[in-house]
Amino acid sequence: MENLGILTALFFLFSSSTSLHPSSQTNLQNHCLDDQRSALLQLQHHLYYAPNFTFSSKLELWDPNTQCCSWKGVTCDALGHVIGIDLSYQNLSGSFYSIFNLHHLQRLNLAGNNFNTTLFQYGFGKLPNLTHLDLSASCFHDQIPVGISYLTRLVSLNLSYQDDCYWRNDQSSASLKLEKPNFKTLIKKMRSLRELYLDGVNISSQSSEWCETTSLSLPKLSVLSMSNCDLNGHFPAEFFLLPKMQRIDISDNSRLMGQLPEFPINNTLEPNFNSISGSIPPSIANLSNLVELDLSGNHFNGLIPPFHRSGVPNLAYLDLSRNRLSGSIPSSLFTLSTLQTLSLGYNSFSDYQLKLDMFFQLNNLRFLDLSNMSLLIGSHNKSLTFPQLEGLALRSCNLTEFPEFIKSQNKLTSLHLSNNRIHGLVPNWLWKTTLIWVDLSSNRIDIPNQIAFDDAISSFPMLRWLHLQSCNISTFPAFLKSQESLEDLDLSNNKISGAVPNWVWKKSLQSLNLSNKSLTSLDQFSSNQDSLRAPICNLSQLQSFDASFNKLSGSIPSCLGNINTVSFLYLQQNNFSGSIPDFGGATQLYALKLKDNKLEGKLPRSLANCTMLYAVNLGNNTLHDTFPLWLGKLPGLMVLILRANRFYGPIKHLENNFPKLDVLDIASNIFSGQLSIEFFQATHKLRSHKINGNNLEGQLPRSLANCKKLEVLDLGKNMIHGTFPYWLVKLPLLKVLILRSNRFYGSIKFFEDGNAFPMLHILDLAYNNFSGEKILTLLTCLDLSNNNFHGRILEEVQDLKSLHVLNLSYNGLFGPIPSALGSLTELESLDLSRNSFSGKIPPQLTSLTFLAVLNLSYNQLDGRIPESNQFGTFSNDSYIGNPRLCGVPLTRKCNEVGSKMLPPKEDEDLWIDGLSVWKVVLMGYGCGLVIGFSIGYTVLNEFGNKWIAIFIQNWNQKRRRSK
């Protein structure tokens with residue numbers, strides 16, 4: 001299908017070039033008008049060649065001594081007016097103001113250049129005759145100007161794929177957007193428009209009315225391409241049936257929903273979209289003109305339509321992957337003799353061990369993807385010949401051996417067999433000389449030290465892309481010595497140890513992943529990794545390097561800070577020591593992760609030159625510096641994690657800094673001084689804000705109430721004082737609020753308000769001086785331990801249906817334990833210890849079948865301990881300090897009266913630091929549980945504590961066992 005796409009592209013390119021460039025004989029007959037010639041020469045003067053955004057030379061496309069109508073890329077009418085300009089894909093930059101003096105211009109194509117600017121400055125309204133405008137993939141960004149909406153004669157408008165330009169130049173991407181004017185204003189007067197390409201333009205601020213606007217304002221539209229625009233709403237089914245519509249691409253819009261209609265037989269539509277649900281209408285199998293059908297990545301369910309050669313005689317490309325399709329694969333599908341690409345992977349088909357023989361009938365097949373399907377690959381008919389494939393993907397197909405039919409595949413360039421159960425050595429015949437992309441990851445395989453070749457395989461393929469992560473490989477494969485074209489190599493999570501051989505460092509490498517091993521050195525022959533002669537320093541094209549989770553020591557190679565192509569550098573969790581190298585040359589650096597090492601000293605100020613930086617994680621080192629205010633000028637920095645170092649001093653003068661910061665974690669340092677109003681005003685866009693474990697003092701500024709995006713706020717273990725910050729209750733997204741171990745005081749009775757904290761799931765107020773009789777009735781995790789709450793637990797506690805963790809220990813609560821706690825069926829951890837509860841343990845608590853942690857110690861409870869369900873799993877520690885309790889697991893029988901048992905003296909520091917065994921367990925449950933609800937793994941695991949990930953694994957195992 002790739003070849004088909006290339007042919008199609010060449011066809012349209014030829015068509016457009018023919019229309020833009022009449023024969024030279026015709027152009028020479030047209031006399032070039034002086035004003036037209038002058039405008040073109042001005043254009044040439046203001047443009048220059050700029051590959052990779054770097055000035056190369058002035059533009060010299062045209063000879064001023066010849067007629068301008070004969071110049072390359074210029075088309076004139078019979079009167080000498082310029083009506084067409086095509087300067088596409090010339091690596092141009094500069095300005096093009098003079099074009100707007102060419103008022104007869106009908107076609108303008110500046111696609112595929114490197115302008116890297118906005119369109120505000122240009123007066124498109126001065127070109128009223130323009131019918132074709134193509135500014136795609138030229139690094140234009142920000143708002144689309146209103147002047148384009150004045151081009152009422154437009155037939156084709158292409159503003160798509162600006163991010164392609166940035167990727168092409170290895171730059172951080174930016175995009176065009178539609179706000180003012182909005183989508184409706186842009187197109188409402190373009191009633192002649194037939195083709196609209198806005199792929200990658202941000203239209204997220206629009207309502208779902210854009211669908212209706214398009215169908216009403218553009219009656220002649222035949223092509224609508226708006227992929228990856230962050231569209232939302234419901235896409236009307238009638239849109240697919242517009243009489244002129246031939247192609248719709250609304251893919252990669254995850255918030256867009258809709259369903260397909262029944263199609264008339266003569267419909268010529270080629271759809272491509274995401275987030276469409278329902279069944280695929282059978283009538284789609286009767287679109288006789290259909291050549292390409294891509295319905296991948298949607299929510300379709302039901303059966304595959306009965307595609308047949310008579311219904312879709314020209315179908316060459318069929319992609320139904322990543323849906324929810326079920327049933328069997330219809331046998332009629334194998335009659336499609338024109339099919340070149342077939343992708344059915346990642347569905348829910350009922351075929352058990354689908355026979356691969358069935359696909360032998362598709363003689364023209366070139367690309368086949370059956371991932372996530374259980375396959376029976378053995379052929380019982382030796383006379384069958386499998387089609388000569390160029391691409392084969394059998395990921396997660398439950399394979400136990402390499403498919404032998406690959407032996408006869410002599411055109412294979414792409415092979416993906418990851419996530420199967422293949423074991424043993426990789427056979428020599430698998431390495432077809434035509435291979436370029438190979439993924440054998442997540443199999444129990446190893447590579448033989450020597451690979452013997454025969455007549456069938458005369459040499460090893462020259463690979464560009466090789467993934468062997470999570471295999472059983474114990475040494476670096478020897479065949480890498482000859483791989484001089486390798487661009488992407490992933491050997492992560494294997495059993496390789498020791499030093500990296502120098503022949504692994506290929507100059508062609510762009511991405512290299514050596515993480516999760518036991519590597520001790522990056523240089524085979526030298527322990528001095530800091531040397532500029534280290535082999536990694538030769539990787540001048542390196543874009544991504546991951547050597548995290550190894551045993552690497554010594555200094556970080558200083559040359560890594562001078563590779564101007566590197567974007568992702570991950571060296572976390574090693575034993576690197578010394579200072580962080582200078583990054584003055586790494587101008588494309590996007591993400592830097594050096595956490596969990598032994599790095600020391602100050603942060604290199606050269607990081608301020610890395611203007612593309614998005615994420616910096618330097619946590620858990622011994623860095624000693626003041627707060628890096630100078631990083632606040634980085635325009636795209638969104639994640640800054642400095643936790644568990646030795647940063648010190650006050651945090652001041654943050655105003656007008658960190659414009660896009662989303663995550664700030666400076667916990668467990670030595671920052672001191674007052675919490676300034678400016679600090680919270682400057683970080684009002686944060687989602688996660690962690691400053692716990694410092695020496696900060698003062699009161700919380702009320703400006704925190706303006707942080708409307710805040711999801712995680714951890715201020716614990718400081719010296720902050722004041723009453724409870726009730727003005728935070730309206731924060732719409734706040735999910736985690738931790739104020740523990742500060743100097744807060746007073747009542748929190750306002751929690752009766754049912755609108756307080758609409759999204760809050762974790763509240764930790766422990767080790768303060770709060771008081772009152774009411775407790776919060778909202779959360780999934782509630783820790784109010786070590787305060788001065790007193791009174792009874794109200795029966796309204798039964799309304800906490802979502803509660804998973806309840807800790808009321810170390811308070812002054814009394815009275816009976818309410819039987820209503822038995823209604824909290826999701827409860828997994830309950831701590832009522834060190835209060836004054838009396839009476840019997842309610843038998844209703846035995847209905848809490850998920851209860852894994854119970855602590856009722858040191859109260860005044862009496863009577864027999866319930867024995868059924870979960871209560872049979874708890875030890876003495878759950879009940880100690882209640883002398884009138886009896887029964888299992890206590891040794892005291894119920895006809896005995898025990899003597900008074902006084903609580904042992906606790907080490908207050910141990911409790912404050914949460915080091916007691918039970919406290920650690922509780923906190924693990926308290927924060928881990930929320931993962932499955934609404935905070936999400938990325939919020940807590942990326943920004944939170946390390947034990948969360950461990951807890952999730954253990955908790956899921958307990959869940960599975962209980963079921």
Side-chain angles (χ1 to χ4, degrees), residues 1-2 227-228 249-260 270-281 284-285 292-307 315-334 336 339-356 358-359 362 365-377 387 389-400 402-403 406 412 414-422 437-443 465 467 469-470 490 937:
M1 193 58 221
E2 182 176 302
S227 64
N228 194 27
D249 185 351
I250 50 174
S251 59
D252 297 315
N253 289 290
S254 59
R255 298 191 298 155
L256 189 64
M257 301 174 292
Q259 292 182 324
L260 289 180
E270 291 187 4
N272 184 11
F273 31 72
N274 290 108
S275 299
I276 306 298
S277 59
S279 59
I280 303 176
I284 204 170
E292 178 178 337
L293 180 60
D294 186 350
L295 303 182
S296 62
N298 284 280
H299 305 297
F300 289 115
N301 53 40
L303 305 177
I304 294 180
F307 292 102
L315 189 62
Y317 184 104
L318 179 60
D319 190 347
L320 305 179
S321 64
R322 301 181 188 277
N323 281 285
R324 302 169 184 172
L325 299 173
S326 56
S328 300
I329 297 176
S331 58
S332 60
L333 188 68
F334 303 105
L336 302 178
L339 206 59
Q340 298 178 23
T341 295
L342 177 61
S343 183
L344 303 176
Y346 299 103
N347 279 286
S348 302
F349 297 120
S350 59
D351 293 295
Y352 180 70
Q353 289 195 327
L354 180 70
K355 292 184 178 180
L356 206 58
M358 302 170 68
F359 296 90
L362 302 174
L365 200 63
R366 295 294 174 263
F367 299 92
L368 178 63
D369 186 349
L370 302 177
S371 298
N372 202 43
M373 300 172 65
S374 186
L375 294 178
L376 184 62
I377 60 175
L389 299 174
E390 297 174 27
L392 175 64
L394 302 178
R395 308 178 187 90
S396 305
C397 287
N398 208 28
L399 302 177
T400 57
F402 290 101
I406 294 179
L412 203 60
S414 176
L415 178 62
H416 299 269
L417 301 177
S418 60
N419 292 290
N420 281 288
R421 296 190 295 121
I422 305 173
W437 300 281
V438 175
D439 186 358
L440 305 180
S441 302
S442 299
N443 286 287
W465 197 89
H467 281 202
Q469 72 263 37
S470 302
D490 191 340
Y937 181 85

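Not measured: the values here are computed from a predicted model. What you see below is based on every heavy atom in this structure, not just the backbone, and it leaves out hydrogens, waters and symmetry mates.
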Kindly give the heavy-atom pair with the smallest separation between [X] and [Y], and that separation in Å.
{"X": "Ile422", "Y": "Asn443", "value": "N-OD1, 3.1 Å"}
{"X": "Asn298", "Y": "Ser296", "value": "ND2-O, 3.1 Å"}
{"X": "Ile329", "Y": "Phe334", "value": "CG2-CZ, 4.0 Å"}
{"X": "Ser326", "Y": "Phe349", "value": "O-CD2, 3.8 Å"}
{"X": "Leu412", "Y": "Gly391", "value": "CD1-N, 4.0 Å"}
{"X": "Leu394", "Y": "Leu375", "value": "CD2-CD1, 3.6 Å"}

- prompt: Among Trp437, Phe367, Trp465, which residue meets the ring-ring contact (aromatic ring centres under 6.0 Å, His included) test with His416?
  reply: Trp465
message: Among Met257, Arg324, His299, exactly one meets side chain to side chain contact (heavy atoms under 4.5 Å, CB included) together with Ser277. Which residue is that?
response: His299
task: Look at the side chain of Ser332 and the backbone N and O of Phe307, then say whether any donor-acceptor pair between them is shorter than 3.5 Å.
output: yes
field: Exam field: side chain Asn420 to backbone Cys397, donor-acceptor pair closer than 3.5 Å
entry: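 Answer holds: yes.
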message: Applying ring pair (Phe, Tyr, Trp, His ring centres under 6.0 Å), can you list everything that pairs with Phe402, at least two apart in sequence or on another chain?
response: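 Result, ring pair (Phe, Tyr, Trp, His ring centres under 6.0 Å) vs Phe402: none returned.
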message: Suppose we screen for salt bridge (charged side-chain N to carboxylate O under 4.0 Å, His left out). Which residues come up paired with Asp369, at least two apart in sequence or across chains?
response: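 If we apply the salt bridge (charged side-chain N to carboxylate O under 4.0 Å, His left out) test to Asp369, skipping adjacent residues, the hits are Arg395.
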